[in-house]
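Positions are given from 1, in the same order as the sequence printed here. One-based numbering, in listed order, for ligands and for the atoms of each.
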Amino acid sequence: MSKSKSNIKTGWNLDYSYLQLPGAFYTRLKPTPVSAPKLVLFNEQLALALGLDVYSLRGEEGAAIFSGNRLPEGAQPLAQAYAGHQFGHFTILGDGRAHLLGEQITPRGERFDIQFKGSGRTPYSRGGDGRAVLGPMLREYIISEAMHALGIPTTRSLAVVATGEPAIRETVLSGSILTRVAASHLRVGTFEFAARSRTIDELKSLADYTIRRHFPEVETNENPYLGLLQEVIKRQADLIARWQQVGFIHGVMNTDNMALSGETIDYGPCAFMDIYSPDTVFSSIDRQGRYAYGNQPNMGAWNLTRFAETLLPLLDPEMSQAVTLAQEALAGYTPLYQRHWLDGMVTKLGLFAREADDTSLVNELLNMMQKYSADYTNTFLGLTFAETRNTTMSDTKEFQQWLEKWQARRSRQKQSITDSQKLMRDKNPAIIPRNHRVEDALEAAEKENNFDLLHRLLAVLKKPYAHVPEQAEYTAPPEPTGRPYQTYCGT
Ligand code: AMP
Ligand code: MG
């Protein structure tokens with residue numbers, strides 16, 4: 001690996017393994033400088049874990065670095081090439097407004113991509129301005145950090161800079177750059193790019209690189225590429241089950257937004273569901289409900305099928321055999337997803353092991369929640385603390401019957417009720433980034449340059465399972481507004 005010397009002063013210890021890939025996979029170029037960068041958010045805890053010097057990055061140095069105006073010594077930034085199926089349609093894409101600064105090697109020896117999003121035009125910009133705006137970058141910071149605190153694999157957010165330059169959208173907005181930290185930015189779309197427009201040798205280089213970086217355990221398999229496919233399938237099954245358990249809706253699960261590392265990536269129109277309903281869609285552009293809450297597991301399978309297709313030439317020299325291997329691996333996804341999902345749901349109900357009837361126990365509850373428009377998070381919170389009164393659902397006979405059944409099921413286990421309650425406290429968050437809270441915090445930050453609400457929200461979101469009284473006000477669902485909540489891609 002082409003190691004640069006460690007930058008003692010600021011703690012940068014950047015490596016550039018991506019440059020080992022054939023040149024078609026990236027373009028080396030620097031971020032476009034901005035006029036008056038100001039550091040508006042800086043994740044000091046994350047910076048420390050990355051081995052960065054928090055003191056020097058807090059001030060002017062941070063503004064200069066996280067805007068791309070000043071590069072760490074020896075930095076070799078690049079924009080990555082990729083493709084993707086967007087709402088089902090194939091397109092050649094690439095980082096149109098992002099630069100990979102390099103891969104930070106942490107004091108513990110882990111490797112993380114440091115990427116700027118909104119850092120200027122690249123050969124992949126396709127007519128876009130290469131910039132991002134403040135609201136959506138703050139939003140990505142909030143939601144990604146909330147996901148991390150919830151225990152869900154995700155890219156992280158290290159910093160947000162206001163560029164001091166306008167970004168022209170439907171109105172004039174403030175330009176901004178987010179610094180994203182990721183296990184890598186390898187996507188299903190990176191393989192689609194290789195399979196559609198590059199040689200088999202180049203595809204093989206990409207697959208070998210991905211295996212070395214994320215799945216070294218399959219390197220010595222008889223068929224490492226099948227191992228790669230199986231591992232990616234496993235991580236997505238686990239990830240999407242976790243999304244479902246907290247009511248997270250990604251909103252734009254295009255293949256370019258599915259990371260092979262198994263991290264949640266690309267926070268655009270994502271949002272958390274308040275009222276439980278499988279057909280919940282927040283994104284204004286998702287008119288068909290392709291990425292609705294209840295459809296996310298299916299879309300995971302769809303994306304993984306696109307991934308498997310790209311690997312066919314590597315799976316076996318005989319096409320029919322390659323297809324068979326891919327189909328067998330893909331067939332493993334749904335049962336695996338269902339197992340993860342049910343395992344998670346039963347623990348949310350304080351059950352330590354599964355019994356045959358547990359699927360119907362869970363589904364009966366979910367069906368009632370849908371029928372009575374119950375709040376997803378607060379229903380589980382209510383069960384956790386045995387506070388299930390005074391909701392439209394709780395006063396019904398069917399819920400009371402379900403409650404008895406659940407309590408009987410719970411007392412049949414050998415673990416004590418106290419242990420069961422503890423399990424529920426650990427698995428049912430009190431705090432999710434509620435849409436109305438996120439909007440209030442963003443509005444104050446964007447319109448009044450007041451970051452107080454945002455900082456308070458970030459602090460509360462750090463401990464979703466703490467269950468302390470100070471959090472209570474953040475558990476309230478929104479006041480009914482009579483119109484559905486909508487999110488926008490907001491580039
Ligand atoms: P996203 O919706 O953020 O996943 O972006 C989809 C694609 O559009 C990616 O290739 C982005 O790099 C590109 N893109 C989004 N916004 C811009 C922009 N303002 N300028 C250039 N490219 C962009
Ligand atoms: Mg994307």
### Query
Is there a donor in the side chain of Tyr267 and an acceptor in the side chain of Thr154, or the other way round, less than 3.5 Å apart?
yes
### Query
Going by the order shown, which atoms of ligand 1 are within less than 4.0 Å of some heavy atom of Gly130?
18 (C), 19 (N), 20 (N), 21 (C)
### Query
Quick one: do the Ser17 and Tyr209 side chains pair a donor with an acceptor below 3.5 Å?
yes
### Query
Using 4.0 Å as the upper bound for N to carboxylate O, is an ion pair formed by Lys204 and Asp208?
yes
### Message
Quick test of your reading: applying side chain to side chain donor-acceptor pair (under 3.5 Å), list the pairs with at least one residue in residues 241-259, sequence neighbours left out, ordered by first then second residue.
### Response
Glu192-Thr255, Asp238-Arg242, Trp243-Thr264, Gln244-Gln296, Asn254-Tyr291
## Note on the structure
Heavy-atom proximity to atom 11 (C) of ligand 1 ranks first, among Gly96, Gly189, Ser125, for Gly96
### Query
Charged N to carboxylate O under 4.0 angstrom, Arg434 versus Asp440?
no
### Query
Which residue, Asn295, Ile249, Val281, Thr487, forms the side-chain contact (heavy atoms from CB on, under 4.5 Å) with Asp286?
Val281
### Message
With 2.8 Å as the threshold, which protein atoms of type N, O or S lie near the Mg ion (ligand 2)? Leave waters out.
### Response
Asn257 OD1, Asp266 OD2
### Message
If the cut-off is 4.0 Å to any non-hydrogen atom of Asp266, which atoms of ligand 1 fall inside it?
### Response
4 (O)
#### Entry: Arg156-His148 side chain donor-acceptor pair, cut-off 3.5 Å
yes
### Whether Gly268 lies under 4.0 Å from ligand 1, heavy atom
no
### Summary
Scanning both residues in full, the closest heavy-atom pair of Glu103 with Asp113 reads CG-OD1, 3.4 Å
#### Entry: Within 45° cone of Phe42 ring axis and under 6.0 Å: Arg58 NZ or CZ
no
### Summary
Atoms of ligand 1 under 4.0 Å from any heavy atom of Asn257, numbered from 1 in the order shown, are 4 (O)
### Task
Give a yes/no verdict on whether any heavy atom in Arg169 is under 4.0 Å from an atom of ligand 1.
yes
### Query
Is the shortest distance from a Lys or Arg side-chain nitrogen in Asp266 or Lys117 to a carboxylate oxygen in the other one below 4.0 Å?
yes
### Query
Can you list the residues that meet the ring-ring contact (aromatic ring centres under 6.0 Å, His included) rule with Phe193, with sequence neighbours excluded?
Phe25
### Summary
Contacts of Phe380 meeting ring-ring contact (aromatic ring centres under 6.0 Å, His included) (sequence neighbours excluded), chain-then-number -> Tyr376
### Query
Less than 3.5 Å between some nitrogen or oxygen of Arg126 and one of ligand 1, yes or no?
yes
### Query
Which of the atoms in ligand 1, numbered in the order shown and given with their element, are less than 4.0 Å from a heavy-atom of Tyr82?
9 (C), 10 (O)
### Query
Against heavy atoms of Arg131, which atoms of ligand 1 measure under 4.0 Å?
19 (N)
### Task
Indicate whether any N or O donor in one side chain lies under 3.5 Å from an N or O acceptor in the other, for His214 and Arg235.
no
### Query
Quick one: does Gly94 get within less than 4.0 Å of ligand 1, heavy atoms only?
yes
### Query
Taking the non-hydrogen atoms of Arg121, is any one of them nearer than 4.0 angstrom to ligand 1?
no
### Summary
Honestly, for Tyr124 the part within reach of ligand 1 (heavy atoms, under 4.0 Å) is neither
#### Entry: ligand 1-proximal atoms of Asp95, by part, heavy-atom distance under 4.0 Å
backbone
### Summary
Here the atoms of ligand 1 under 4.0 Å from any heavy atom belonging to Gly128 are 20 (N), 21 (C)
